[in-house]
Amino acid sequence: MNLQNNIKHLEDADRRHIWHPFTQMQEWEEGTPVVITEGRDSSIRDIYGKWYIDGVSSLWVNTFGHRKKEIDDAIKAQVDRISHSTMLGLSNEPAIRLAEKLVYLFDLSLSRVFYSDNGSTAVEVALKMAFQYWQLMGEKHKVSFLSLNNAYHGDTLGAVSVGGIDIFHKTFGPLLFKTYKAPSPYCYRCEDGRQYPDCGLFCIRRMEEILQRHHQDIAAVIIEPLVQAAGGMIISPAGYLRQVRELCTKYNVLLIADEVATGFGRTGKMFACEHEEVVPDIICLSKGITGGYLPLAATLATEEIYRAFLGEFKDLKTFFHGHSYTGNPLACAAALACLDIFDKEETLKNMAPKAALLENWLGEMESLPHVGNVRVKGLMAGVELVKDRQTKAPYAWEDKMGWKVALHAMDNGVFIRPLGNVIVIMPPLSISSENLQQMLKVIGDAIISATS
Ligand SMILES: *Cc1c(COP(=O)(O)O)cnc(C)c1O
């Protein structure tokens with residue numbers, strides 16, 4: 001097959017046989033798929049040889065760019081030893097070494113690491129762990145959860161049950177377990193129509209009302225600390241997370257922090273919880289954990305939670321949960337290499353000027369006639385487009401405004417994927433200032449062009 005035929009074949013076979021996630025396939029089949037063949041640093045190249053700056057880190061996972069030598073080498077070295085072995089009844093060196101490193105990142109306050117292989121399973125593990133913990137503690141009625149409107153915790157049914165994005169989650173309503181829902185800390189569109197800071201964090205008061213009334217039935221509060229990412233890069237106001245932690249302690253419910261998106265440097269600190277010196281009882285990690293190379297997740301718990309599961313074999317206190325690829329050695333080797341890079345390259349320190357650059361640019365965007373709100377924490381940012389700035393009226397879903405911006409950016413060599421009317425900007429932490437500036441210029445032009 002010559003090159004042109006080969007390309008044609010791949011495009012056709014994709015349209016015929018692949019069912020893409022979160023994608024209206026009827027539309028997809030009418031278009032031409034962009035087939036990626038190569039990556040280098042913050043850029044990816046398609047089958048025609050066109051390069052794109054990867055503006056969303058391969059959907060929020062990539063940390064140090066593509067083909068990072070240290071990670072490549074770590075995986076290759078591990079392939080030469082063993083690629084996979086089970087954690088059920090056996091252990092392996094990369095998984096042990098990684099667990100040790102992870103718990104030290106939390107100063108041992110979260111001392112137990114339960115591995116799985118993606119963000120949704122990390123959340124399932126957290127929910128089941130919290131539920132069984134209270135069963136084992138004799139608090140049999142603590143069987144429910146409190147989650148937030150606009151929350152996203154993954155696509156498996158437990159994770160969807162604690163989710164709060166109607167457009168994704170409503171269809172599955174009859175399959176889900178009931179949870180209590182607290183308001184989203186979404187100041188731009190406050191559910192109570194209040195203004196920050198005069199509101200005195202009214203959303204926290206609302207959460208407290210639920211806890212006051214129902215804490216005896218609630219096992220845990222689950223939250224995306226600081227940034228409700230898939231909900232539209234919604235940044236919670238200062239002090240919100242800290243107060244959620246205080247409420248959980250006061251009402252004797254566990255706090256599950258889902259740092260699947262925010263973890264590993266995205267917000268400017270290693271974990272978002274650090275911004276408000278919060279220690280959760282359970283934390284969910286995935287996405288950036290392997291630098292965006294391989295599927296891996298970890299759910300960390302306190303020693304206190306772990307100890308509740310100890311007992312005689314016959315007691316059946318065991319946590320009966322596990323996955324085939326739990327603790328995969330290749331993925332753990334990649335994750336270990338990433339943690340070394342964070343140290344060696346002082347990634348968190350070096351991303352600060354880039355976060356500042358992004359913030360400046362957002363300031364410029366804010367004055368555009370169809371930009372309603374801009375939000376940023378570290379290198380996670382969202383630009384919310386509105387039809388009418390005065391009334392905050394959104395573009396209709398079918399206007400596809402976010403998609404129009406993304407298509408325009410794509411034509412000009414930047415890959416982004418919007419969340420409805422929110423333009424998401426989430427480049428690899430290692431992106432060069434030049435690439436970042438170039439990318440922001442393209443996105444800015446795309447916003448102006450699509451909204452004018
Ligand atoms: C992406 C995401 C998940 C789900 O992770 P998957 O690996 O896609 O299953 C869970 N929680 C948050 C906060 C996320 O952003």
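Counting starts at 1 for both ligands and their atoms, in listed order.
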Next item on the list: Test K142 against every option in V253, D217, L254 by the side chain to side chain contact (heavy atoms under 4.5 Å, CB included) rule and name the one that passes.
Entry: V253
Checklist line | Heteroatom proximity flag, N118 to ligand 1, N/O under 3.5 Å | finding: yes
Next item on the list: Could you list the atoms of ligand 1 found under 4.0 angstrom from a heavy atom of G154?
Entry: 4 (C), 10 (C)
Next item on the list: Could you check which of D258, V123, D117, L285 puts a non-hydrogen atom nearest to atom 12 (C) of ligand 1?
Entry: D258
Notebook entry, point to check: For atom 7 (O) of ligand 1, which protein heavy atom lies nearest, and how many Å away is it?
Noted result: G119 N, 2.8 Å
Notebook entry, point to check: Would you say the side chains of S111 and E303 form a donor-acceptor pair under 3.5 Å?
Noted result: yes
Item checked: Nearest option to atom 9 (O) of ligand 1, as decided by whichever heavy atom of P21, A230, A122, S120 sits closest -> S120
Notebook entry, point to check: Can you tell me if E124 and T121 form a side-chain donor-acceptor pair at under 3.5 Å?
Noted result: no
Note to self: Show me which atoms of ligand 1 lie under 4.0 Å from any heavy atom of A261.
What the structure shows: 15 (O)
Next item on the list: Please indicate whether W397 has more than 12 foreign heavy atoms, meaning atoms of other residues, nucleotides or ligands, lying under 6.0 Å from its CH2.
Entry: no
Notebook entry, point to check: Do any nitrogen or oxygen atoms of K287 lie less than 3.5 angstrom from nitrogen or oxygen atoms of ligand 1?
Noted result: yes
Check: Counting only heavy atoms, which portion of H153 has something under 4.0 Å from ligand 1: side chain, backbone, both, or neither?
Finding: backbone
Margin query: Looking only at the side chains, is there a donor atom on one of N328 and Y115 sitting less than 3.5 Å from an acceptor on the other?
Written below: no
Check: For the ring pair F145 and F131, is the centre-to-centre distance below 6.0 Å?
Finding: no
